[in-house]
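Each remark here refers to the structure printed beneath this line.
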Amino acid sequence: MFSKSDRIVSGSQPKPGEISLAHKGVLFLDELTEFSRQVLDNLREPLETGKVTISRAAHQAEYPADFLLLAATNPCPCGHFGNRKQHCRCTPDQIRRYLGKVSGPLLDRIDMQVEVPLLSQDELLQGNPANTPSSADIRQRVELAQTLQHQRQGKLNGQLQASEVDDYCVLSNTAKDLLTQALERFNLSARSYHRILKVCRTIADLEQSPSIEQKHISEALNYRKMERYLSQLP
């Protein structure tokens with residue numbers, strides 16, 4: 001995690017911090033909204049470029065920072081916003097300030113924002129359903145999808161540049177109409193648009209589908225929960 005000073009680096013001499021140390025690995029931030037907004041915005045450059053540049057008075061250094069960002073946070077200070085079984089005690093302003101720690105530009109760079117609902121007592125006692133796919137099955141699907149991506153474009157979908165997205169993420173007319181409506185409703189940026197398309201392409205690849213269908217758009221949009229949370233506030 002970050003140090004107490006909430007800085008990527010410390011001192012007058014540039015040196016790698018947690019972002020660079022996570023290069024080619026996973027950086028997990030628990031309780032995301034408890035970090036200061038300044039610290040979180042430091043993630044924007046490396047998430048976009050895969051590197052981080054540190055400048056000091058007499059020194060400048062560039063470090064690799066190609067990592068997978070995973071983060072977890074409650075939906076509000078009390079933790080019950082959107083929970084149908086327990087009443088949320090927070091006001092809309094409190095929720096906005098709480099979620100506002102994650103700026104719009106940073107949120108644009110988080111491809112998937114998934115809600116994890118509370119498990120019922122029955123679900124806790126019964127464990128995983130019998131039809132739940134195993135880790136080995138999921139790994140096989142992912143490896144097949146990655147092989148397909150390398151064959152099609154020579155790289156993974158997440159590595160596609162904006163100029164390449166239109167070439168490899170072609171939508172049908174119905175899928176394009178659905179995505180256009182979502183862009184207008186949630187006021188999504190151009191960056192979000194390209195990232196959603198790459199997620200759609202990945203969903204289609206996991207199904208070994210040669211084209212992006214309307215159902216892939218719907219699933220990808222369902223992974224943008226933060227915008228939906230904010231749009232629900234009065």
Side-chain angles (χ1 to χ4, degrees), residues 1-75 77 79 97-116 135-136 138-143 145-147 149-150 153-162 164-165 189 191-192 194-196 198-199 201-202 205-206 220 223-227:
M1 297 298 293
F2 292 107
S3 64
K4 186 176 180 181
S5 60
D6 282 348
R7 303 292 182 184
I8 296 179
V9 297
S10 60
S12 59
Q13 296 288 338
K15 57 183 179 180
E18 296 299 327
I19 288 178
S20 289
L21 294 175
H23 180 61
K24 295 303 181 182
V26 175
L27 177 66
F28 176 62
L29 302 182
D30 196 13
E31 298 293 350
L32 182 68
T33 48
E34 297 299 331
F35 291 91
S36 72
R37 182 162 177 163
Q38 178 184 0
V39 169
L40 295 180
D41 278 342
N42 283 329
L43 295 166
R44 290 162 53 181
E45 177 191 353
L47 285 174
E48 194 72 23
T49 65
K51 59 186 179 182
V52 60
T53 302
I54 307 300
S55 298
R56 290 293 182 266
H59 302 278
Q60 180 171 312
E62 183 177 283
Y63 297 104
D66 183 10
F67 59 90
L68 177 66
L69 174 66
L70 296 180
T73 186
N74 286 317
R97 286 195 300 270
Y98 183 77
L99 298 180
K101 295 285 190 68
V102 184
S103 66
L106 175 58
L107 193 61
D108 280 348
R109 292 167 170 84
I110 300 178
D111 295 342
M112 301 173 65
Q113 308 142 23
V114 182
E115 179 184 12
V116 181
S135 297
I138 295 173
R139 176 174 180 170
Q140 185 178 28
R141 289 183 61 201
V142 170
E143 289 177 343
Q146 289 181 335
T147 299
Q149 292 164 27
H150 280 292
Q153 64 221 15
K155 61 178 73 173
L156 298 177
N157 292 338
Q159 298 170 326
L160 290 174
Q161 301 297 317
E164 299 173 309
V165 170
S189 67
R191 180 179 287 107
S192 294
H194 287 120
R195 287 181 173 268
I196 289 172
K198 288 189 281 188
V199 172
R201 182 66 268 174
T202 300
D205 289 341
L206 287 169
Y223 296 145
R224 307 287 299 191
K225 286 294 187 179
M226 188 72 83
E227 286 94 354

Kindly compute the distance separating [atom1] ([X]) from [atom2] ([Y]), expressed to the nearest 0.5 Å.
X	Y	atom1	atom2	answer
Asp205	Thr147	CG	OG1	10.5 Å
Thr202	Leu206	OG1	CG	7.0 Å
Asp111	Leu69	CG	CG	10.0 Å
Asp108	Ile196	CG	CD1	9.0 Å
Leu43	Ile19	CG	CD1	4.5 Å
Leu21	Leu27	CG	CG	9.5 Å

Q.
Determine whether His150 and Leu156 satisfy the following criterion, side chain to side chain contact (heavy atoms under 4.5 Å, CB included), listing intermediate values before the conclusion.
A. CA-CA 6 Å; His150 280 292; Leu156 298 177; 3.7 Å; yes

Look at atom [atom1] of [X] and say whether more than 12 heavy atoms of other residues, nucleotides or ligands are closer to it than 6.0 Å.
X	atom1	result
Lys101	NZ	yes
Gln140	CD	no
Arg139	CZ	no

Might you point out which heavy atoms bring [X] and [Y] nearest each other, and give the distance in Å?
X	Y	value
Leu40	Phe35	CD2-CB, 3.7 Å
Glu164	Gln159	OE1-O, 4.3 Å
Ser20	Tyr63	OG-CB, 3.0 Å
Asn157	Lys198	O-CD, 3.0 Å

Q: Check the pair Thr53 / Glu45 against side chain to side chain contact (heavy atoms under 4.5 Å, CB included), numbers first and verdict last.
A: CA-CA 9 Å; Thr53 302; Glu45 177 191 353; 3.5 Å; yes

Measure the shortest side-chain to side-chain distance between [X] and [Y] over non-hydrogen atoms and say whether it is less than 4.5 angstrom.
X	Y	value
Val114	Lys225	no
Gln113	Leu107	yes
Leu47	Leu106	yes

Q | Stepwise side chain to side chain contact (heavy atoms under 4.5 Å, CB included) check, Tyr98 with Glu34 | A | CA-CA 8 Å; Tyr98 183 77; Glu34 297 299 331; 3.9 Å; yes

Q | For Val116, side-chain contact (heavy atoms from CB on, under 4.5 Å) partners two or more places apart | A | none

Taking [X] for the side chain and [Y] for the main chain, is one N or O donor matched with an acceptor at less than 3.5 Å?
X	Y	result
Arg37	Gly100	yes
Arg141	Ala136	no
Arg224	Ala220	no

Q: Please name the residue in the list Gln149, Arg195, His194, Lys155 that meets the side chain to side chain contact (heavy atoms under 4.5 Å, CB included) test with Leu160.
A: Lys155

Q: Take Thr33 and Val102 through the side chain to side chain contact (heavy atoms under 4.5 Å, CB included) test and state the conclusion after the steps.
A: CA-CA 7 Å; Thr33 48; Val102 184; 4.1 Å; yes

